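Below: the structure, in C-alpha cells.
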Number of protein chains: 2
Amino acid sequence: MDSDVDYDVFGAACPSRPVLEDVTGRWGSLAMGALADGPMRFNELRRRVEGVSQKMLAQSLQALERDGLVNRQVQSTFPLKVEYSLTPTGEVLAAKLLDLIGYLTGSMPSILDAQQSYDQAHAKT
Amino acid sequence: MDSDVDYDVFGAACPSRPVLEDVTGRWGSLAMGALADGPMRFNELRRRVEGVSQKMLAQSLQALERDGLVNRQVQSTFPLKVEYSLTPTGEVLAAKLLDLIGYLTGSMPSILDAQQSYDQAHAKT
DNA sequence: CAGTATCCGATGAGATACTG
DNA sequence: CAGTATCTCATCGGATACTG
C-alpha cells in the first residue's frame with residue numbers, strides 16, 4: 001500500500017534528518033528521556049533537565065510537538081498549567097533513546113579511560 | 001565491585017553528556033550508522049554521509065575516536081590509506097542508534113502529516 | 001588520499017527582562 | 001506559571017586553499 005518510498009537518513013535532503021536532530025539533539029534527547037517517566041509540566045522539565053534554559057527548552061519542545069512526538073496540553077486556569085507528554089510514536093523513540101543512554105552511561109568508566117589515554121597520547125609539548 | 005557511582009545524563013556536569021552529543025550529534029550519529037556496515041575509509045564515509053564536509057567529518061571522527069567508540073587504522077602506503085571501524089562498545093551503540101533511526105524513518109509518513117497540521121494551525125496572517 | 005588551516009556567515013545558546 | 005523578546009557571545013559548519 002504505502003512505503004514505495006524509503007526515507008534514507010544518509011541522503012542529504014531527506015526530511016528525516018531534521019527530525020533526527022530534534023530527537024537526538026542536545027536538549028531534545030533529554031526532554032524526551034525525562035518525559036518517558038510520565039507527563040510533566042514546563043518547570044518540572046526544566047528542573048529535571050539540569051542546565052537547560054527557558055529558551056532552549058521551549059524551542060526543543062516546540063520542535064518535538066511539531067514532529068508529533070510530544071503533546072502539549074494547556075489548562076487555562078490561574079496560574080497557567082501546561083502539561084507535556086509523549087505521543088505513542090514519541091514513547092517508542094524515547095524508549096530507544098533511553099536504551100542507548102543507559103548503555104552509554106554504563107560504559108562511562110571505559111570511555112573515560114579511553115579519553116585519558118587519547119589525551120595523553122595527543123598531548124602537546 | 002564498581003558502579004558505586006552512577007552517571008546521570010540529566011545532571012548538568014555529568015561527563016556522559018558530551019559523549020552523548022558526540023554519538024547522537026548531527027554528523028556523529030550518521031558516521032556511527034555508516035560504520036555499522038563495516039570498516040570504511042575517510043572518503044568512503046564522506047560519500048556515504050551525504051552533505052558532510054571534510055572538516056566536520058574529521059572533527060566528528062576524532063571525537064568518537066577519543067571516546068573509544070571508533071578505531072582509526074593508518075596504512076602509511078602511498079597514497080595514504082586510513083580505515084575507520086567501530087570498537088565493541090561502538091558497535092553496540094551504533095546498533096541502538098540504527099534501531100532508533102529505523103523506527104524514525106518508518107514513522108516519517110505520520111511525522112510529515114503532523115508537521116503539516118502544526119504548520120497550518122500556526123500559520124501567521 | 002586524508003587530512004589541516006583559515007576565513008566567514010549562520011545558528012546555538014545563555015542572561016535578562018517582560019507578558020498573558 | 002509558562003512562556004516571548006531582545007541582546008550578546010560562542011560554537012557550528014561550509015568553502016576554499018594548502019600539506020604529508
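Values in this document were obtained by computation on a predicted structure and should not be read as measured data. Chain naming here is simple, since letters A, B, ... match the order of the sequence lines and numbering starts at 1 in each.
Residue pairs meeting the salt bridge (charged side-chain N to carboxylate O under 4.0 Å, His left out) criterion with at least one partner in residues 57-66 of chain B, sequence neighbours excluded, are A:Asp119-B:Arg66. The salt bridge (charged side-chain N to carboxylate O under 4.0 Å, His left out) pairs that include a residue from residues 23-44 of chain A are A:Arg26-B:Glu21, A:Asp37-A:Arg48, where partners are two or more places apart or lie in different chains.
Each of A:Gln54 and A:Phe78 lies near DNA chain C, and the nucleotide nearest A:Gln54 is the one positioned closer to the 5' end. For the pair B:Gly51 and A:Arg72, nearest-nucleotide mapping onto DNA chain D gives the more 5' position to A:Arg72.
What you find for A:Thr87 and A:Gly68 is that their closest heavy atoms are OG1-O, 2.8 Å. The two residues B:Ala34 and B:Leu45 have their closest heavy-atom pair at CB-CD2, 3.7 Å. What you find for A:Pro15 and A:Tyr7 is that their closest heavy atoms are CG-CE2, 3.8 Å. Taking every heavy atom of both residues into account, B:Gly28 and B:Leu64 meet most closely at O-CD1, 4.0 Å.
Considering only residues two or more places apart in sequence or on other chains, A:Pro18 meets the side-chain contact (heavy atoms from CB on, under 4.5 Å) condition with none of them. Applying the side chain to side chain donor-acceptor pair (under 3.5 Å) rule to A:Arg72 yields the partners A:Tyr84; only residues at least two apart in sequence or on another chain are considered. With sequence neighbours left out, the salt bridge (charged side-chain N to carboxylate O under 4.0 Å, His left out) criterion links B:Asp8 to no other residue.
Close approach of DNA chain C to chain B, defined as any atom under 4.0 Å from a non-hydrogen atom of the protein, starts and stops at C:dC1 to C:dC7.
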Next item on the list: Any chance you could encode DNA chain D as dot-bracket? Rule is Watson-Crick or G-U wobble with both distances under 3.5 Å; [ ] for pairs crossing earlier ones, | for another strand.
Entry: ||||||||||||||||||||
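DNA chain C is contacted by A:Arg26, A:Trp27 of residues 11-27 of chain A, taking any non-hydrogen atom closer than 4.0 Å. Proximity of residues 55-63 of chain A to DNA chain D (heavy atom under 4.0 angstrom from any strand atom) is restricted to A:Lys55, A:Ala58, A:Gln62. Within residues 30-45 of chain A, the residues having any heavy atom under 4.0 Å from DNA chain D are, by residue number, A:Arg41, A:Phe42, A:Asn43.
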Pair up each side-chain donor or acceptor in residues 52-62 of chain B with any protein partner under 3.5 Å, not counting sequence neighbours, and list the distances.
from    : atom 1 : to      : atom 2 : distance (Å)
B:Ser53 : OG     : B:Met56 : N      : 3.3
B:Ser60 : OG     : B:Met56 : O      : 2.8

Show the atom names and distances, to 0.1 Å, of all donor-acceptor pairs under 3.5 Å that link a side chain in residues 102-114 of chain A to residues at least two apart or in another chain.
from     : atom 1 : to       : atom 2 : distance (Å)
A:Thr105 : OG1    : A:Ile101 : O      : 3.1
A:Thr105 : OG1    : A:Gly102 : O      : 3.1
A:Ser107 : OG     : A:Tyr103 : O      : 2.8
A:Ser110 : OG     : A:Ser107 : O      : 3.1

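No contact: B:Arg46 has no heavy atom under 4.0 Å from any strand.
Distance check: A:Asp99 CG to B:Leu93 CG gives 9.5 Å after rounding to the nearest 0.5 Å. The CE atom of A:Met32 sits 9.0 Å away from the CD atom of A:Glu91 when rounded to the nearest 0.5 Å. Interatomic distance, A:Asp67 CG to A:Ser16 OG, rounded to the nearest 0.5 Å: 11.0 Å.
In terms of modelled atom types and a separation under 3.5 Å, the side chain of A:Glu50 and the main chain of B:Ala12 share a donor-acceptor contact.
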